[in-house]
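These notes concern the structure reproduced below.
Numbers here are sequence positions counted from 1.
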Amino acid sequence: MTSLNHYLSEKRSAVLAREALIEAGDAGPAHLSARVSAEGRSGVRRIRIRDHQVISDSPPDFAGYNLGPSSPELQLGVLGSCVTHIVLIQASHQQVPIDSLEVEVSGRIDPRGGRPGHEDIPIWPHDIAYTIHLDSPASEAQVQALFAAVEKTCPILNLLRNPQQIRAELKHRRTEPAEAQPAERVIA
């Protein structure tokens, strides 16, 4: 099995170059965007981000076709992806060698949430936890410093821990009602 150490060397060069831009005042905020559309008969959600597409769907028990992860599952994956990336960034920055890295994220969602008799159960994913599985020859002190830096600097982790206000807007274009479909005639 190959280790991540060759990649960490490349990552370190990129991190140092990015930090030099920031310190020189040549870096500013990045605009992030995503578009999501619901697809015709299936209701599958197509997420478009830059030149990439991800499909999100529901399991069959929620009128889905199981063609992709659900939104709550994607959120756990996004958290895991961000934590993994920040571990790599911080390891490259602190020069902590890593042989292998995997982040496991778990959570719960309860369809009874908020309903009568279950008002105390959140309607959103909750009991979220993550575990970093790290193989490294680094000392315990180096690994703990790495973990502290990840906890401090991971954007998605900190977004979830410190939510912000989200502006919302609805743009409605009124359309003509769909014509009623004629009933099928069965000819015997």
Side-chain angles (χ1 to χ4, degrees), residues 3-5 7-36 45-56 68-111 113-114 120-136 138-169:
S3 74
L4 288 167
N5 292 310
Y7 173 74
L8 289 177
S9 174
E10 292 176 33
K11 181 62 102 176
R12 180 167 173 73
S13 297
V15 166
L16 293 175
R18 187 178 195 137
E19 286 181 1
L21 284 174
I22 294 168
E23 289 175 18
D26 293 334
H31 176 76
L32 307 174
S33 67
R35 289 186 76 92
V36 182
R45 282 85 63 201
R46 185 176 303 273
I47 304 165
R48 292 176 176 87
I49 302 169
R50 292 186 285 128
D51 296 330
H52 309 283
Q53 293 186 38
V54 177
I55 297 295
S56 176
S70 68
S71 298
E73 291 167 325
L74 282 171
Q75 182 60 60
L76 296 183
V78 167
L79 173 59
S81 175
C82 196
V83 168
T84 301
H85 189 222
I86 300 304
V87 168
L88 295 171
I89 289 171
Q90 291 299 324
S92 69
H93 187 64
Q94 297 177 23
Q95 295 184 297
V96 175
I98 296 178
D99 295 326
S100 69
L101 169 63
E102 184 175 315
V103 176
E104 181 181 357
V105 183
S106 63
R108 295 176 38 171
I109 192 161
D110 191 327
D120 59 328
I121 299 174
I123 62 169
W124 55 86
H126 55 283
D127 294 334
I128 297 173
Y130 74 93
T131 303
I132 300 172
H133 301 274
L134 182 70
D135 291 338
S136 170
S139 70
E140 187 65 27
Q142 287 175 299
V143 170
Q144 288 303 317
L146 174 65
F147 182 62
V150 169
E151 289 270 300
K152 180 180 179 183
T153 63
C154 181
I156 300 301
L157 175 62
N158 285 290
L159 170 67
L160 294 172
R161 285 185 172 156
N162 306 293
Q164 61 175 307
Q165 293 292 322
I166 298 175
R167 294 181 308 278
E169 179 180 3

Please report the interatomic distance [atom1]([X]) to [atom2]([Y]), rounded to the nearest 0.5 Å.
X: I128; Y: R108; atom1: CD1; atom2: CZ; result: 12.0 Å
X: R18; Y: L16; atom1: CZ; atom2: CG; result: 12.5 Å
X: S81; Y: L76; atom1: OG; atom2: CG; result: 12.5 Å
X: L146; Y: I98; atom1: CG; atom2: CD1; result: 6.0 Å
X: S139; Y: Q144; atom1: OG; atom2: CD; result: 9.5 Å
X: S9; Y: L4; atom1: OG; atom2: CG; result: 12.5 Å

For a quick check under 3.5 Å, do S13 and E10 share a side-chain donor-acceptor pair by atom type? no
Begin from the C-alpha positions of H133 and L101 and carry the test side chain to side chain contact (heavy atoms under 4.5 Å, CB included) through to its verdict. CA-CA 6 Å; H133 301 274; L101 169 63; over 6 Å; no
My understanding is that only residues two or more places apart in sequence, or in another chain, count here; which of them pass side-chain contact (heavy atoms from CB on, under 4.5 Å) with L74?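 So L74 forms a side-chain contact (heavy atoms from CB on, under 4.5 Å) with I47, V54, S56, P69.
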Which atom of C154 lies closest to which atom of I86, heavy atoms considered: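 Minimum heavy-atom separation between C154 and I86: CA-CG1, 3.8 Å.
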Considering non-hydrogen atoms only, spot the tightest contact between I49 and S33 and give its length. CG2-O, 3.9 Å
Taking the side chain as every heavy atom from C-beta outward, state whether [X] and [Y] have any atom pair closer than 4.5 Å.
X: L157; Y: Y130; value: yes
X: R46; Y: I55; value: yes
X: L134; Y: E102; value: no

I123 atom CD1, neighbour heavy-atom count above 12 within 6.0 Å: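 No, because the 6.0 Å sphere around CD1 of I123 holds 12 heavy atoms or fewer from other groups.
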Using the side chain to side chain contact (heavy atoms under 4.5 Å, CB included) rule, pick out the option among I109, L79, D110 that qualifies with P125. I109
Taking V83 as the fixed residue, which of V105, I156, V103 is the one that meets the side chain to side chain contact (heavy atoms under 4.5 Å, CB included) rule? V103
What pairs of residues pass the side chain to side chain donor-acceptor pair (under 3.5 Å) test when at least one of them lies in residues 155-169, not counting sequence neighbours? E151-R161
Please report the C-alpha distance between L160 and Q75 in whole Å, then the side-chain angles of each, then the deciding distance to 0.1 Å, and finally whether the side chain to side chain contact (heavy atoms under 4.5 Å, CB included) criterion is met. CA-CA 10 Å; L160 294 172; Q75 182 60 60; 3.9 Å; yes
Would you say the side-chain atoms of H126 pair up with the backbone N or O of W124, donor to acceptor, closer than 3.5 Å?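 Present.
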Hey, can you pull the donor-acceptor pairs under 3.5 Å for the side chains in residues 89-97, sequence neighbours left out?
| residue | atom | partner | partner atom | Å |
| --- | --- | --- | --- | --- |
| Q90 | OE1 | Q94 | NE2 | 3.4 |
| Q90 | NE2 | T153 | OG1 | 3.4 |
| S92 | OG | L88 | O | 3.3 |
| S92 | OG | I89 | O | 2.7 |
| H93 | ND1 | E19 | OE2 | 3.4 |

